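Here's the structure we're looking at; comments come further down.
Just so it is clear, the structure is predicted and the values come from calculations on it, not from any experiment. Quick note: numbers below take in every heavy atom, side chains included, and nothing from hydrogens, waters or symmetry partners. Protein chains get the first letters and strands the later ones, always in sequence-line order, with residue 1 at the start of each.
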2 protein chains.
Amino acid sequence: MDGRPANDTTSPWMPFENRRRARDEKREAVLRTAVQLFLEQGYHRATLNEVAERLNITKPALYNYFRSKEDILFECWALGQEQVDGFIAAIDGSRQNGLGKLRALVHSYAETMATDFGASLVRFDPRDLSPSNAKTVRAAKRGIDRTFRRYITEGIADGSIKPCDPKMAAFAIAGSLNWIGHWYQRGGELTPDAIADDFAERLTEGLATATVNKRPIKQPPAPRTKKSAARAPTTKKK
Amino acid sequence: MDGRPANDTTSPWMPFENRRRARDEKREAVLRTAVQLFLEQGYHRATLNEVAERLNITKPALYNYFRSKEDILFECWALGQEQVDGFIAAIDGSRQNGLGKLRALVHSYAETMATDFGASLVRFDPRDLSPSNAKTVRAAKRGIDRTFRRYITEGIADGSIKPCDPKMAAFAIAGSLNWIGHWYQRGGELTPDAIADDFAERLTEGLATATVNKRPIKQPPAPRTKKSAARAPTTKKK
DNA sequence: ACTTTTTATTACCCGTGAGTAATATAAGCC
DNA sequence: GGCTTATATTACTCACGGGTAATAAAAAGT
């Protein structure tokens, strides 16, 4: 089926795929190193020389994989955004009322904020990007904001959330969540999971109509958010 | 009283004071212009040439008032911090229960976030500062965090706030508030006052034990923040 | 073994913007 | 007016870091 000639000596395809994979692995390694350094020192203070140094290569080698420093920044952001797109799609496709979706969104978003690529969504400055890339980022941010408002509006419509201003509520919730990206650090007392659980309850309790099952403050029987469920592969380039 | 000689011709003090005042006014003008530009474009993209240009002077003239770009950044931050210190001191001196203090804090903090110098508290990066200044900033941030937690703990003790984890609650509240500094812009639909009123209620309702007096949201008896009170003149050069 | 392509290195360019030196101008002061 | 001090300008230095050119080393393909 795969138009591969029955070649008993050496298949040219395997090596080809290997090479592609190796390349992508290197790309990813660059991004992992870069996002860490950018978060650590800030985009402007971080130099490509140091990124390269941490990878045991030299600066120009990076240009085999990326066109510019800004390109690297954008790709870091894109990886984080991909995560967000993934769980939003999953929640959208789930069968819950508005409050349930909002809780799930808060939970997943909180977890993402505790990752490097997730934090980059809020700690990187879109103004460091080219106009074209900045436009993409702004559109994505609007999309996230719209999702928050949509779930809230949905919850008001289905009666699970009490009437309120979706805009204001979304700002307040997103603010708490985005702030995680600024204070969370691995190895601290709070685990991403504990934070996500706490915030999922804390940021939605004020909006819920029913105050049911408030007794067991920990572990509400609320619908668990499926963690990394079926994520849309979203195979961009490659 | 003020060892000033009874001089009927011309008091040498007045002109002297005038010059001091003129100088301070210019200093402030630089800071106002700089904070705007820094917020607009980000600290690294903003150039002192452009700051000067907006003031109809040239770059070296700025060095009559500030030692460095970083110095300007720090002073902008300090003006914002001064506001915060002001209303925290006022609330501390007020006679309210923990919940009342927390509400007042949220209200004032929200208003401050809608100002240029207030926004600079969260939009400027301490890593752009000298180690010494960065230390000052970090200490101040810890102080604000401690204040949030203190009011919450106080509220739990006096029964106005239901038992919860002060650390988590403070993070959630501060996050919402700090985020204002990122999305608020003058001339939008939402006025600082409306935001402050809404957030003061929204961010504390989940913590309150009694759900009383939910109606009159506006104008907590919170004291006004004193503006530019006695600041150490900090007469640098000349 | 030879050629081609990929990946990396060394050595450089060069724009940028903070900060300074030398100097002119204006204002205060007697 | 004449001296002094404050304030501004023009013209410059210089470190830094992103990006490129030329080229070497390595790997893949035949």
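Atom C1' of nucleotide D:dG17 and atom CG of A:L73 are separated by 16 Å, given to the nearest angstrom. Between the OH atom of A:Y63 and the C1' atom of D:dA21 there is a distance of 14 Å, rounded to whole Å. One atom, CG of A:D71, and another, C1' of D:dG18, lie 14 Å apart when rounded to the nearest Å. Put simply, CD on B:E53 is 16 Å from P on D:dA8, counting in whole angstrom units. Residue B:F66 contributes atom CZ, which lies 15 Å from atom P of C:dA18 at whole-angstrom precision. Computed from coordinates, the B:L62 CG to C:dT20 P distance equals 13 Å when rounded to whole Å.
How far CG of A:L79 is from CD of A:Q83: 8.0 Å, rounded to the nearest 0.5 Å.
Under the 30°/60° scheme for interplanar angles, the aromatic rings of B:H44 and A:H44 are found to lie parallel.
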#### Entry: Base versus backbone protein contacts along nucleotides 8-17 of chain C [heavy-atom cut-off under 4.0 Å; B, S, -]
BBB------S
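Looking at residues two or more places apart in sequence or on another chain, you find a side chain to side chain donor-acceptor pair (under 3.5 Å) between B:E189 and A:K167.
Here the side chains of A:M113 and A:Y184 are not in contact, with every heavy-atom distance at 4.5 Å or above. Using a 4.5 Å cut-off on side-chain heavy atoms (C-beta onward), B:F38 and B:K69 make contact.
Between A:R23 and C:dT7, a side-chain N or O to OP1/OP2 separation shorter than 4.0 Å is present.
At a threshold of 4.0 Å, the pair B:D145-B:K141 does not count as salt-bridged, since none of the basic side-chain nitrogens sits closer than that to a carboxylate oxygen.
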